[in-house]
**Q** 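Please read through the structure below; I'll follow up with questions.
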Amino acid sequence: MQITVTDDFNLDKIIKSGQCFRAEKLVDGKYRFITGKHMVHILPIAPFLYEVDCSKNEWNSIWHTYFDLDTNYKKIRESIDNADVYLQKAAEYSKGIRILRQDSFEMLITFIISQRKSIPAIRDAINKLCIYGGEKIFHKNEEFLAFPTIETLHQMTIEELKSCSLGYRASYIQKTIDLLIQKQIHMNHWTNLSDEDLVEKLMEFPGVGIKVANCVALFGYYRVSRAPIDVWIDRVIQEVYEGNNPFTSYPVYAGIMQQYMFYYRREIGVQK
DNA sequence: GCCCAGGTGATTA
DNA sequence: TAATCACCTGGG
């Protein structure tokens with residue numbers, strides 16, 4: 001089936017934007033994404049035109065939402081303050097990035113693992129976790145692995161978790177899973193919480209500080225007002241904004257502005 | 001061998 | 001409140 005996307009949509013940039021760690025560009029030029037028990041391959045075939053290997057029904061019910069295609073990112077870029085030259089340049093360079101609507105539990109575990117790890121190391125650890133405990137799913141005769149369920153992770157010992165290159169994060173994961181089960185927390189019930197209450201709740205998990213909580217809120221709950229401040233963004237704040245947090249000027253879309261700055265700073269280094 | 005990688009939690013002053 | 005440090009592990 002073919003789909004048309006006229007708004008910002010660059011799959012390379014989305015994969016490299018650091019919000020997802022299981023998506024891949026394949027050797028045949030296709031991009032592969034996984035969410036829940038679904039997988040899709042997307043092949044760009046002409047400007048704005050893509051070939052996808054799922055039904056129209058699945059695209060509309062799963063992937064259209066996943067890629068946040070009802071949001072106008074061009075319009076969001078155009079809302080950037082003209083005086084904010086750095087963000088203007090960052091957004092122009094990074095246009096095509098979208099915030100994926102990912103699973104909140106997967107994001108919680110993923111970003112606990114992410115701390116003090118390089119992106120390839122995060123991908124490696126998540127991959128090992130899926131190999132260890134992910135359900136095998138078939139998509140058109142091709143097998144792939146879902147992200148492990150909370151029940152599966154609950155049954156893993158510390159040693160088994162550590163065998164997935166989690167290091168000291170293994171105990172964070174185990175304690176977080178224990179807390180979820182003991183308190184019978186349903187993370188998808190938290191969609192009604194305010195941004196502030198959500199982040200506060202997330203920070204009650206062991207191994208979740210303000211940075212990870214904001215990542216989970218932004219990528220797992222689509223809280224686009226949350227801008228996680230990591231080492232890269234902190235560099236930008238020091239180098240460009242004289243130590244002042246630039247996101248206070250963008251209360252609604254701070255998280256999207258953060259993505260533009262993060263990608264730009266990592267890709268091209270110090271620019272003012 | 002040394003340092004850093006999309007941090008957090010504990011300790012200290 | 002702010003500064004300092006240990007923590008697993010892989011890669012340059």
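Computation of the quantities below employed the complete heavy-atom set of this structure, encompassing side-chain atoms and omitting hydrogens, waters and symmetry-equivalent molecules. Just so it is clear: chains get the letters A, B, ... in the order the sequence lines come, proteins before strands, and each one is counted from 1.
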**Q** Give one of base, sugar-phosphate or nothing for A/Q19, where a contact means two heavy atoms less than 4.0 Å apart.
**A** base

**Q** List in numerical order all residues of residues 152-177 of chain A for which some heavy atom is under 4.0 Å away from an atom belonging to DNA chain B.
**A**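 Within this stretch, A/Y168, A/Y172 sit under 4.0 Å of the strand.
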
**Q** Would a single hydrophobic cluster contain both A/I150 and A/L179, if residues Ile, Leu, Val, Met, Phe, Trp and Tyr are joined by side-chain heavy-atom contacts under 4.5 Å?
**A** yes

**Q** Got a minute to check which stems DNA chain C is part of, using Watson-Crick or G-U wobble pairs under 3.5 Å, three or more consecutive?
**A** B:2-5 with C:9-12, B:7-13 with C:1-7

**Q** Checking side-chain polar atoms at under 3.5 Å, does A/D28 have a donor or acceptor matched by the opposite partner on A/H41?
**A**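 The criterion, which ignores hydrogens and geometry beyond distance, is not satisfied for A/H41 and A/D28.
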
**Q** Could you tell me whether the side chains of A/Y222 and A/S104 share a donor-acceptor contact shorter than 3.5 Å?
**A** no

**Q** Just to be sure I understand the rule, does A/F205 reach a base, reach only the sugar-phosphate, or reach nothing, if contact means heavy atoms closer than 4.0 Å?
**A** sugar-phosphate

**Q** DNA chain B: A/Q258 or A/P206, which has the more 5' nearest nucleotide?
**A**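 Its nearest nucleotide being more 5', the pick is A/Q258.
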
**Q** Is it the case that the side chains of A/D195 and A/Y221 hold a donor-acceptor pair, with the cut-off being a distance below 3.5 Å and no angle test?
**A**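 No.
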
**Q** Does the side chain of A/D81 pick up a donor-acceptor pair with the side chain of A/Y250 at under 3.5 Å?
**A**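 No, no side-chain donor-acceptor pair sits under 3.5 Å.
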
**Q** Reading DNA chain B in the 5' to 3' direction, which nucleotide is the first one with an atom under 4.0 Å from a heavy atom of chain A, and which is the last?
**A** B/dA5 to B/dG9

**Q** Between the side chains of A/S163 and A/K128, does any donor sit under 3.5 Å from an acceptor?
**A** no

**Q** Look at all strands and tell whether A/I229 reaches a base, only sugar-phosphate, or nothing, counting heavy atoms closer than 4.0 Å.
**A** nothing

**Q** Would you indicate what A/R123 reaches in the nucleic acid, counting non-hydrogen atoms under 4.0 angstrom: base, sugar-phosphate, or nothing?
**A** nothing

**Q** Charged N to carboxylate O under 4.0 angstrom, A/D7 versus A/R98?
**A** yes

**Q** Do the charged groups of A/K30 and A/E51 touch, with an N to O distance under 4.0 Å?
**A**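 A/E51 and A/K30: not salt-bridged.
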
**Q** Taking the P atom in each of C/dA2 and B/dG6, what is the distance between them to the nearest angstrom?
**A**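 The answer is 26 Å between these two P atoms.
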
**Q** Taking a hydrophobic cluster as the set of Ile, Leu, Val, Met, Phe, Trp and Tyr residues connected by side-chain heavy atoms closer than 4.5 Å, whether directly or through intermediates, do A/L145 and A/I109 fall within one such cluster?
**A**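 No, it is not one cluster - the side chains of A/L145 and A/I109 are not joined through contacts under 4.5 Å.
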
**Q** Whole angstroms only, please: what is the CG-C1' distance between A/D124 and C/dC8?
**A**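 That distance rounds to 13 Å.
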
**Q** Give the ring-plane orientation class for A/W59 versus A/F67, where under 30° counts as parallel, over 60° as perpendicular and anything between as tilted.
**A** parallel

**Q** Checking side-chain polar atoms at under 3.5 Å, does A/D84 have a donor or acceptor matched by the opposite partner on A/Y241?
**A**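 Side-chain D/A pair, A/D84 to A/Y241: present.
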
